[in-house]
Amino acid sequence: MAQIVHSIKGTRDFYPNEMVRRQWLIGKARQASQLFGYEHYDGPCLETLELYAAKSGEELVKEQAFVFPDRGGDPVTLRPELTPTLARMVAQKQNELVYPLRWWSFGPFWRYERPQKGRTREFFQWNIDLIGDNSLMADAELIAVAANFFRLVGLGSEVVKVKVNNRHLMEDVFEQLAISKDISPAVLKLIDRLDKLPLPIWEEKALELGISQSQLRQIKSVLEDEALWKQSGELTELFRLLESLGVSDYVVYDPKIIRGLDYYTGTVFEAHDVKGEFRAILGGGHYANLVADVGGNPLPGVGFAMGDVVINLVLEAYGLYPSQLSQKEAVFVTVFNEDLKAKSLEVASQLRQAGINVVLSLTEDKLAKQLKYADRLNLTKALVIGPDEEASGKVIVKDLLTRDQQSIDQAELIAFFKC
RNA sequence: GUGCCUGUAGCUCAAUGGCAGAGCGCUUCACUGUGGAUGAAGAGGUUGAGGGUUCGAAACCGUCCAGGCACCCCA
């Protein structure tokens with residue numbers, strides 16, 4: 001074992017069983033995206049370092065991106081997120097695209113961090129964005145897409161919630177509490193971590209930032225105020241729209257949702273399992289202006305991203321992957337012996353020409369062995385063509401689940417499998 | 001980058017300084033025209049690597065490698 005070359009830390013191998021699940025998940029993301037009329041797109045996995053230098057937050061690029069020189073010596077980056085690529089793609093064709101544009105994508109991303117539960121170095125991410133509209137309709141639509149996705153995969157609103165907040169509201173609150181603009185970004189970041197840190201340490205950090213004792217007390221009370229959203233016209237309107245879109249059972253207000261990325265303005269949201277057992281399933285929000293950072297004209301938008309790792313853990317925990325997922329919708333054709341090999345090949349070929357998938361035995365081993373192989377592949381039908389069948393123009397079709405078998409005229413075989 | 005934990009057969013684990021084992025899985029046979037059961041036999045190990053301590057190390061010590069979990073950050 002020790003001599004097998006190891007894979008790269010934080011990457012995952014997708015054996016057929018897992019690949020089937022990955023494809024199923026992608027299918028659900030596609031379905032949710034298309035339900036709202038979003039178009040599929042993708043960009044390159046390799047980008048220039050310059051693209052991320054423009055934005056993305058310092059840490060993501062400096063600490064977490066895979067960056068290395070290409071053979072010409074230029075720095076190349078494995079994309080750690082899609083948004084800068086999206087911004088570039090929009091900026092390049094800014095004057096010919098039809099707005100608002102609704103785009104979605106699902107692909108691999110890389111971040112150099114220590115792997116742990118729910119976090120790997122290579123992961124897949126569903127990205128979906130609505131660009132070119134600044135209204136709350138846009139924000140509501142994206143949240144509704146997320147809620148519809150959860151419905152499609154069987155995660156009910158009693159299990160998963162989309163927690164929503166608004167950065168404008170928090171800025172207003174800070175103003176009321178006379179928290180200076182210098183420290184408010186840092187305070188916002190700290191609020192985002194309230195659930196992670198032990199309270200005494202959290203308070204200590206808050207005081208270190210220059211918050212007074214009375215401000216601290218007020219912040220804490222604000223963060224427990226589940227009705228705080230009523231002070232925000234935007235949130236009031238947003239929740240009304242979500243109600244009309246029929247997804248308000250999935251939505252909950254949470255003043256502690258801030259989001260780490262700096263470019264969010266206005267609405268921000270994160271989806272979590274209700275029990276709080278897992279990391280955030282998806283996160284997103286409204287941004288006033290991304291495209292300008294890569295050289296285009298300002299365009300507002302809203303979007304979210306969902307990594308495959310956490311949603312995978314959640315779907316596993318709640319047993320929501322279909323148990324019958326299989327890519328082997330195929331008929332197994334046995335080979336009775338050397339003399340009848342040509343006959344089996346002929347039958348297999350006829351079935352394939354009719355569009356029926358066939359796994360052909362490569363050996364003339366005894367039938368027990370061939371059938372065991374078919375069984376272990378989880379195939380459900382097997383054909384046996386022995387001397388008796390050959391003589392009478394028949395084929396035996398064996399149901400590997402019920403163990404029943406029947407003799408069928410070779411001429412009727414295709415019709416048998418087609419219906 | 002920081003901290004804690006773990007590496008023994010394909011998998012899950014046992015052996016608490018004294019002969020490296022079990023269950024499951026795998027191969028073959030009982031069954032030369034029929035797979036999930038049963039029974040029997042068999043294969044499979046440099047105990048992650050290389051050092052040190054010891055009469056003796058899977059175990060103890062330090063180094064490296066790999067994995068897990070938490071921080072940082074975030075999907």
Side-chain angles (χ1 to χ4, degrees), chain A residues 1-12 25 29 56-65 79-83 105-128 146 189 192-193 196-198 201 205 258-262 264 269-272 278-285 303-314 332 334-337 340 361 364-391 394 396-407:
Chain A
M1 269 330 286
Q3 59 270 46
I4 292 178
V5 177
H6 65 79
S7 57
I8 288 180
K9 188 202 256 312
T11 62
R12 290 164 295 163
L25 184 66
S56 277
E58 302 289 313
E59 174 128 13
L60 194 55
V61 180
K62 276 191 189 153
E63 311 284 340
Q64 296 202 318
R79 60 181 185 187
E81 62 159 336
L82 189 61
T83 306
S105 185
F106 200 114
F109 296 86
W110 295 266
R111 288 184 195 174
Y112 194 85
E113 64 182 332
R114 291 285 282 267
Q116 54 192 288
K117 194 175 185 185
R119 286 293 177 265
T120 57
R121 287 185 173 180
E122 179 181 68
F123 57 97
F124 295 85
Q125 201 178 61
W126 175 31
N127 282 266
I128 182 163
K189 278 215 158 187
D192 201 43
R193 295 168 59 197
K196 285 216 159 171
L197 295 171
I201 294 177
K205 285 186 182 271
I258 300 294
R259 309 285 307 141
L261 297 172
D262 292 335
Y264 289 121
F269 55 94
E270 270 177 21
H272 289 259
F278 301 98
R279 292 165 179 274
I281 298 168
L282 59 83
F304 69 77
M306 182 189 79
D308 71 309
V309 183
V310 175
I311 186 69
N312 190 42
L313 290 172
V314 175
F332 188 79
T334 60
V335 173
F336 192 85
N337 58 28
L340 288 165
S361 175
E364 304 110 50
D365 286 340
K366 54 184 176 184
L367 282 179
K369 206 169 172 186
Q370 295 186 43
L371 290 171
K372 186 174 185 184
Y373 175 72
D375 184 51
R376 293 183 60 188
L377 286 179
N378 287 321
L379 299 176
T380 57
K381 292 277 196 294
L383 302 190
V384 177
I385 309 166
D388 298 346
E389 288 74 40
E390 159 80 351
K394 301 263 187 182
I396 285 178
V397 179
K398 186 175 174 73
D399 188 312
L400 293 170
L401 300 177
T402 64
R403 291 165 170 259
D404 293 334
Q405 61 181 46
Q406 50 187 309
S407 189

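Each chain gets a letter, A, B and so on, in the order the sequences are listed, and its residues count up from 1.
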From A:Leu383 atom CG to A:Ser361 atom OG, the distance as rounded to the nearest 0.5 Å: 12.0 Å

Check the pair A:Leu282, A:Phe269 against side-chain contact (heavy atoms from CB on, under 4.5 Å), reporting the backbone distance first and the verdict last. CA-CA 8 Å; A:Leu282 59 83; A:Phe269 55 94; 4.1 Å; yes

Which one of A:Leu313, A:Val309, A:Ile311 satisfies the side chain to side chain contact (heavy atoms under 4.5 Å, CB included) criterion with A:Ile281? A:Ile311

Quick one: is B:rC72 close enough that its OP1 or OP2 comes under 4.0 Å of any side-chain N or O from A:Arg193? yes

What I'd like to find out is whether the side chain of A:Glu81 reaches to under 4.5 Å of the side chain of A:Gln64, using heavy atoms alone. no

When all nucleic acid strands are considered with a 4.0 Å heavy-atom cut-off, which category describes A:Gln370: base, sugar-phosphate, or nothing? nothing

Side chain of A:Arg259, heavy atoms from C-beta onward: which of B:rA75, B:rC71, B:rG35 has the nearest atom to it? B:rA75

Does A:Glu122 reach a base, just sugar-phosphate, or nothing at all? Heavy atoms under 4.0 Å. nothing

Taking OP1 and OP2 of B:rC69, is either one under 4.0 Å from a side-chain nitrogen or oxygen of A:Gln116? no

Are any non-hydrogen side-chain atoms of A:Leu25 and A:Asn312 less than 4.5 angstrom apart? no

Between the side-chain atoms of A:Arg111 and the base atoms of B:rA75, is any donor-acceptor pair under 3.5 Å? yes

Nucleotide B:rU2, atom P - distance to CZ of A:Arg114 in whole Å: 8 Å

Spacing of CG belonging to A:Asn337 relative to CG belonging to A:Leu367, to within rounding of 0.5 Å: 9.5 Å

For A:Gln125 and B:rA75, what is the distance between atoms CD and P respectively, to the nearest whole Å? 7 Å

May I ask you to say whether A:Lys381 pairs ionically with A:Asp399, meaning some side-chain N is under 4.0 Å from a carboxylate O? yes

Could you state the CG-P distance from A:Leu400 to B:rU34, rounded to the nearest angstrom? 15 Å

For the side chain of A:Arg403, counting heavy atoms from C-beta on, which of B:rG35, B:rC74, B:rC71 is nearest? B:rG35

Enter the distance from A:Gln125:CD to A:Arg111:CZ here, rounded to the nearest 0.5 Å. 6.0 Å

Integer angstrom distance from the C1' of B:rU6 to that of B:rA59: 14 Å

Name the stems that RNA chain B belongs to, where each is three or more consecutive Watson-Crick or G-U pairs with both distances under 3.5 Å? B:1-7 with B:65-71, B:10-13 with B:21-24, B:26-30 with B:38-42

Just the table, please: protein N/O against nucleotides 24-30 of chain B N/O, every pair under 3.5 Å.
unit_1 : atom_1 : unit_2   : atom_2 : d
B:rU28 : OP1    : A:Lys369 : NZ     : 2.5

Heavy atoms only, 4.0 Å cut-off, all strands: where does A:Leu401 land among base, sugar-phosphate and nothing? base

Interatomic distance at P, B:rG7 relative to B:rA75, whole Å: 35 Å

Per atom distances to the A:Glu113 side chain, the nearest of B:rG35, B:rU34, B:rA75 is B:rA75

Closest nucleotide among B:rG36, B:rA75, B:rC69 to the A:Ala305 side chain: B:rA75

Sticking with atom C1', work out how far B:rC13 lies from B:rA20, rounded to a whole angstrom. 13 Å

Candidates B:rG33, B:rA75, B:rG3 - which lies nearest the side chain of A:Val309: B:rA75

If you round to the nearest 0.5 Å, how far is OG1 of A:Thr11 from CZ of A:Arg121? 9.5 Å

Assess the residue pair A:Ile8 and A:Trp110 against the criterion (side-chain contact (heavy atoms from CB on, under 4.5 Å)); give the C-alpha distance rounded to whole Å, side-chain angles, the decisive distance to 0.1 Å, and a yes or no. CA-CA 12 Å; A:Ile8 288 180; A:Trp110 295 266; over 6 Å; no

Look at all strands and tell whether A:Lys9 reaches a base, only sugar-phosphate, or nothing, counting heavy atoms closer than 4.0 Å. sugar-phosphate

Rounded to whole angstrom, note down the P distance from B:rC11 over to B:rG48. 13 Å

Suppose you measure atom P in B:rC55 against the same atom in B:rG50; what distance do you get, rounded to whole Å? 23 Å

Rounded interatomic separation in angstrom, taking CG from A:Asp375 and P from B:rG36: 8 Å

Under 4.0 Å, counting only non-hydrogen atoms across every strand here, what does A:Thr120 touch: a base, just sugar-phosphate, or nothing? base

Length of the CG-P vector between A:Leu371 and B:rA37, whole Å: 15 Å

Report yes if the ring of A:Phe123 lies under 5.5 Å from the six-membered base ring of B:rA75 with planes under 30°, and no otherwise. yes

Roughly how many Å apart are B:rU28 and B:rU32, using the P atom of each and rounding to a whole number? 14 Å

RNA chain B: A:Phe124 or A:Pro387, which has the more 5' nearest nucleotide? A:Pro387

Grab the CD-P distance between A:Glu81 and B:rA75 for me, whole Å please. 8 Å

From CZ of A:Phe332 over to P of B:rU34, roughly how many Å is that when rounded to an integer? 16 Å

With a 4.0 Å cut-off on heavy atoms, is A:Ile396 in touch with a base, just the backbone sugar-phosphate, or nothing at all? base

Classify the nucleic acid contact of A:Asp404 as base, sugar-phosphate or nothing, counting any heavy atom under 4.0 Å across all strands shown. nothing

By the 4.0 Å heavy-atom rule, please label A:Phe336 as base, sugar-phosphate, or nothing. base

Among A:Asp375, A:Leu371, A:Leu377, side chain to side chain contact (heavy atoms under 4.5 Å, CB included) partner for A:Tyr373: A:Leu377

Quick one: label A:Ala374 by what it contacts on the DNA or RNA (base, sugar-phosphate, nothing), any heavy atom closer than 4.0 Å. nothing

Output, in order, the C-alpha distance, side-chain angles, deciding distance and verdict of side-chain contact (heavy atoms from CB on, under 4.5 Å) for A:Arg12 and A:Asp308. CA-CA 12 Å; A:Arg12 290 164 295 163; A:Asp308 71 309; 2.9 Å; yes

Would you mind classifying the nucleic acid contact of A:Leu282 as base, sugar-phosphate or nothing, using non-hydrogen atoms under 4.0 angstrom? sugar-phosphate

Would you give the length of the straight line joining atom CG of A:Asn378 to atom CG of A:Leu401, rounded to the nearest 0.5 angstrom? 9.0 Å

Looking at B:rA75, does its base get a donor-acceptor pair with the side chain of A:Glu270 below 3.5 Å? no

Between B:rA75, B:rG35, B:rG68, which one does the side chain of A:Pro115 approach most closely? B:rG68

In whole Å, what separates the P atom of B:rG36 from that of B:rG25? 12 Å

In whole Å, measure the gap between the P atoms of B:rG23 and B:rU38 for me. 14 Å

Under 4.0 angstrom, heavy atoms only, what part of the nucleic acid is A:Val310 near: base, sugar-phosphate, or nothing? nothing

Hey, does A:Asp388 reach any base, or is it just sugar-phosphate, or nothing, if we go heavy atoms under 4.0 Å? base

Roughly how many Å is it from CG in A:Leu313 to C1' in B:rA75, rounded to a whole number? 12 Å

